[in-house]
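Let me begin by presenting the structure, written as structure tokens, before commenting on it.
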Protein chains: 2
Amino acid sequence: MKPTVHDIAAVAGVSLATVDRVLNRRPGVSARTRDKVEAAVSTLGFVRDVAAANLAKGRVYPLTFVLPANDNSFMRDLEAEVREAIARAPVERTAISIVKVPPFDADALVRALDALIDEKPAGVALVAVDAPDVVAAVDRLVEAGIPVVTLVSDLPTSRRSHFAGIDNLAAGRTAASLLGRFVGREPSSIAVVAGSLLVRDHRERLEGFRAVMAKDYPHLTVLDAIEGRDDPAVVERLLGAELDRRGDISGIYSLGAGNRGLLAALRSAPRRDRIAVVAHELTGTTREALDVGLIDAVLNQDAGHEVRSAIRVLKAKADGAPLLAGQERIRIDIFLKDNLP
Amino acid sequence: MKPTVHDIAAVAGVSLATVDRVLNRRPGVSARTRDKVEAAVSTLGFVRDVAAANLAKGRVYPLTFVLPANDNSFMRDLEAEVREAIARAPVERTAISIVKVPPFDADALVRALDALIDEKPAGVALVAVDAPDVVAAVDRLVEAGIPVVTLVSDLPTSRRSHFAGIDNLAAGRTAASLLGRFVGREPSSIAVVAGSLLVRDHRERLEGFRAVMAKDYPHLTVLDAIEGRDDPAVVERLLGAELDRRGDISGIYSLGAGNRGLLAALRSAPRRDRIAVVAHELTGTTREALDVGLIDAVLNQDAGHEVRSAIRVLKAKADGAPLLAGQERIRIDIFLKDNLP
DNA sequence: CTGTTAGCGCATTCAA
DNA sequence: TTGAATGCGCTAACAG
């Protein structure tokens, strides 16, 4: 049988309360007795039953998700997943709240994070804007003992506990490999549409893309990135102009959102069926475009997985418990029209 | 606060024991009181705390994994994942045992399954061989009240509760889409290497592959599938002969195991760098081949995810609990050399 | 600094 | 057919 607190109390020759104090690193235990208890724990191979502990504590994990009030499909989807998690809250012993902040606004994000410090949630997940002030605010939360998980866009220089998102450098490289093979072997140009190069995930995708293109597909010229602010109208205007201006564009990498604009531009482009397209995020728009052959491949991050992972990680960190690395790795999903879920 | 059994006992005007009888559908309750309790349950929106219930019951879930004693990397990997789950058993309240059976042997599998009926495990997971006898044996288990999950290879005509594996038709289609774009636009031939067309997953992959090839890439001729029995030596011999015989092979789809043999044949092929290759399962062999450019893409199913999913599903079925569909969908992972994990 | 005791939400004897 | 009482493994007052 699995050893219980009673067993280690007996072996260590102390009471349950003392065992509990040692297990939960609470003060008021002499070094000698602590040692005895710890010895018993390790010789018996005791691992505490988290479910029972939570039951006894009546523990709930108050978690806060800080999300940008962006209205693109992906962010909506992410929020919907958080709301589903809220629906499961009673079962999972979580109490999740959502805080919305203006998109691409570091100051607002910082204010939101600082406001959380007093609420003392058991964990915070946020879609990071890449700015030094945000790093500092995240570090203040961690300093205050609140685990922080970055979601979708990382903040690697901060002290965040974990990143629940894809490897964006690899995503960019993958896009380049696909596009490089989809377009022909004759020299031509590749257009790139980003949202904003102020967010880290977009910058990283571009970097990975350019690296592989330069190395493996030197006959292809990667044009300067168009910054469409993830706004369909802007994307349509800028990309449309570029497609009109140059006749040698054989491929497009859309690494941000606003794909409705991309499709509009594409539909009125002269050589549209000879243009290979790789985009990000599987939404209603991109799925349909895949289906009719306007987009050739979509790189996707599973918002549901990211949210569930963030919750698992925050709970584990709050308990100081280990996690299963394999389960928390967020994959770069590649969808062609043939493997749509 | 979330309602507890006490609350519904109070509202229904009965004792805890009666509530428990109703909740667990045990006999010895009059229709009238049962109705009262059920009314209280639904008006209060009671959902029972599985963790507390398991604590009280001291419940463990005895689960059995029936795995083929195949020695290819993928099956080894799968078994390793089950062993990792065994290591987590105390925490997850599972007691997992592994039963090994000879590969591709329906009779042996049937005997193993029938032997389980008396052990009455809380659930069984198996890698199915596609044969009517196996279907019948699975149905006998289900009939006996034991939930069954098929792993990797499905048995859709059986009464299995769930399939933890990828959509193999979609995988084949995806392979065709990739290969069709990787090879040029000139007419040429595509070689196909299968393990055995007696297993359903291989058959389905081939079917999906052929369908897309015929529809979207009519200039490519798909050759008859080589059946390599997932054996490197056999694969090397048969594929090598085919590569020698025909000079017009521009691509290979390896939909089974035994990729060491494929690589050996490829290395001594005359036009090896003009042959595009799509294979299945990310192993040491295929990963290395991706890296050096001998293989262009690998379709993978995450063995760890499959095992964890099977366990979650079996536990949920044993409790009659619902599951999160999104979490249990096994993805077709597509790896290029750029997004290796 | 240490121990006693009650109770978290549920299941299960054992009586009535 | 029903109910009272006890315990699962752990935590947290409250005493000493």
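Here the structure is a predicted model, which means the values were calculated and not measured. Lettering of chains follows the sequences in order, A, B, ..., and the numbering in each one begins at 1. What you see below is based on every heavy atom in this structure, not just the backbone, and it leaves out hydrogens, waters and symmetry mates.
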Review point. In this structure, are over 12 heavy atoms from other groups packed under 6.0 Å from B:Arg25 atom CZ?
Key: no
Exercise for review: Would you kindly compare B:Gly13 and A:Val5 by the position of their nearest DNA chain D nucleotide and give the one closer to the 5′ end?
Suggested key: B:Gly13
**Study point:** Atom-pair distance (CZ on A:Arg25; C1' on D:dT11), nearest Å
**Key:** 16 Å
Review point. Looking across every strand, which nucleic acid part, if any, lies under 4.0 Å from B:Ala53 by heavy atom: base, sugar-phosphate, or nothing?
Key: sugar-phosphate
Practice item. Please report, rounded to the nearest Å, how far the C1' atom of D:dT6 is from the CG atom of B:Asp20. Key: 14 Å
Exercise for review: Ignoring backbone atoms, test whether B:Arg26 places a side-chain nitrogen or oxygen under 4.0 Å from the OP1 or OP2 oxygen of C:dT12.
Suggested key: yes
Exercise for review: Return the value, rounded to whole Å, for the distance between atom CG of B:Leu55 and atom C1' of C:dG7.
Suggested key: 12 Å
Check your understanding: Quick one: does A:Asp139's side chain have a donor or acceptor within less than 3.5 Å of a partner on A:Arg159's backbone?
Key -> yes
Review point. Any cation-pi pair here, B:Arg48 with B:Phe46, using under 6.0 Å and within 45°?
Key: no
Check your understanding: Within the structure shown, what part of the strands sits under 4.0 Å from B:Val14 by heavy-atom distance: base, sugar-phosphate, or nothing?
Key -> sugar-phosphate
**Study point:** Atom-to-atom span, CG of A:Asn24 to P of D:dT11 - whole angstrom
**Key:** 5 Å
Practice item. Return no unless some side-chain N or O of B:Thr4 is found under 4.0 Å from OP1 or OP2 of C:dC8. Key: no
Practice item. Report which part of the nucleic acid A:Gly58 touches: base, sugar-phosphate, or nothing (heavy-atom distance under 4.0 Å, all strands). Key: nothing
Exercise for review: Please state how far atom CG in B:Leu16 lies from atom P in C:dG9, giving the value in whole angstrom units.
Suggested key: 12 Å
Check your understanding: Rounded to the Å, how far apart are B:His6 NE2 and C:dG7 P?
Key -> 10 Å
Review point. Could you walk me through whether A:Lys315 and A:Glu92 pass the salt bridge (Lys or Arg N to Asp or Glu O under 4.0 Å) check?
Key: CA-CA 10 Å; A:Lys315 287 172 72 171; A:Glu92 299 183 349; 5.3 Å; no
Review point. Heavy atoms under 4.0 Å, any strand shown: does B:Asn54 hit a base, just sugar-phosphate, or nothing?
Key: nothing
Revision key, fill the gap. Assert: residue with more 5' nearest nucleotide on DNA chain D, out of A:Pro3 and B:Arg34, is B:Arg34
Practice item. Measure from the side-chain heavy atoms of B:Val29 and tell me the nearest of D:dT2, C:dT4, C:dA11. Key: D:dT2
Review point. Please give, in whole Å, the distance from C:dA11 C1' to B:Arg93 CZ?
Key: 13 Å
Exercise for review: Look at the side chain of A:Ser15 and decide which nucleotide, out of D:dT11, C:dG3, D:dG3, has an atom nearest to it.
Suggested key: C:dG3
Practice item. Report yes if at least one side-chain N or O of B:Thr18 is closer than 4.0 Å to OP1 or OP2 of D:dT2; otherwise report no. Key: no
Check your understanding: When you check the phosphate oxygens OP1 and OP2 of D:dC8, does a side-chain N or O of B:Arg59 lie under 4.0 Å from one of them?
Key -> no
Practice item. Would you check if the side chain of B:Asp154 reaches a backbone N or O of B:Phe163 as a donor-acceptor pair within less than 3.5 Å? Key: no
**Study point:** hbond_proxy A:Arg21 side chain to C:dT2 base (donor-acceptor, 3.5 Å cutoff)
**Key:** yes
Point to revise | Short side-chain N/O contact from B:Thr33 to OP1 or OP2 of D:dT2, under 4.0 Å | key: yes
Review point. Is a donor on one side and an acceptor on the other found under 3.5 Å between the side chain of B:Asp35 and the backbone of B:Arg32?
Key: no
Practice item. Grab the NZ-P distance between A:Lys2 and D:dG9 for me, whole Å please. Key: 8 Å
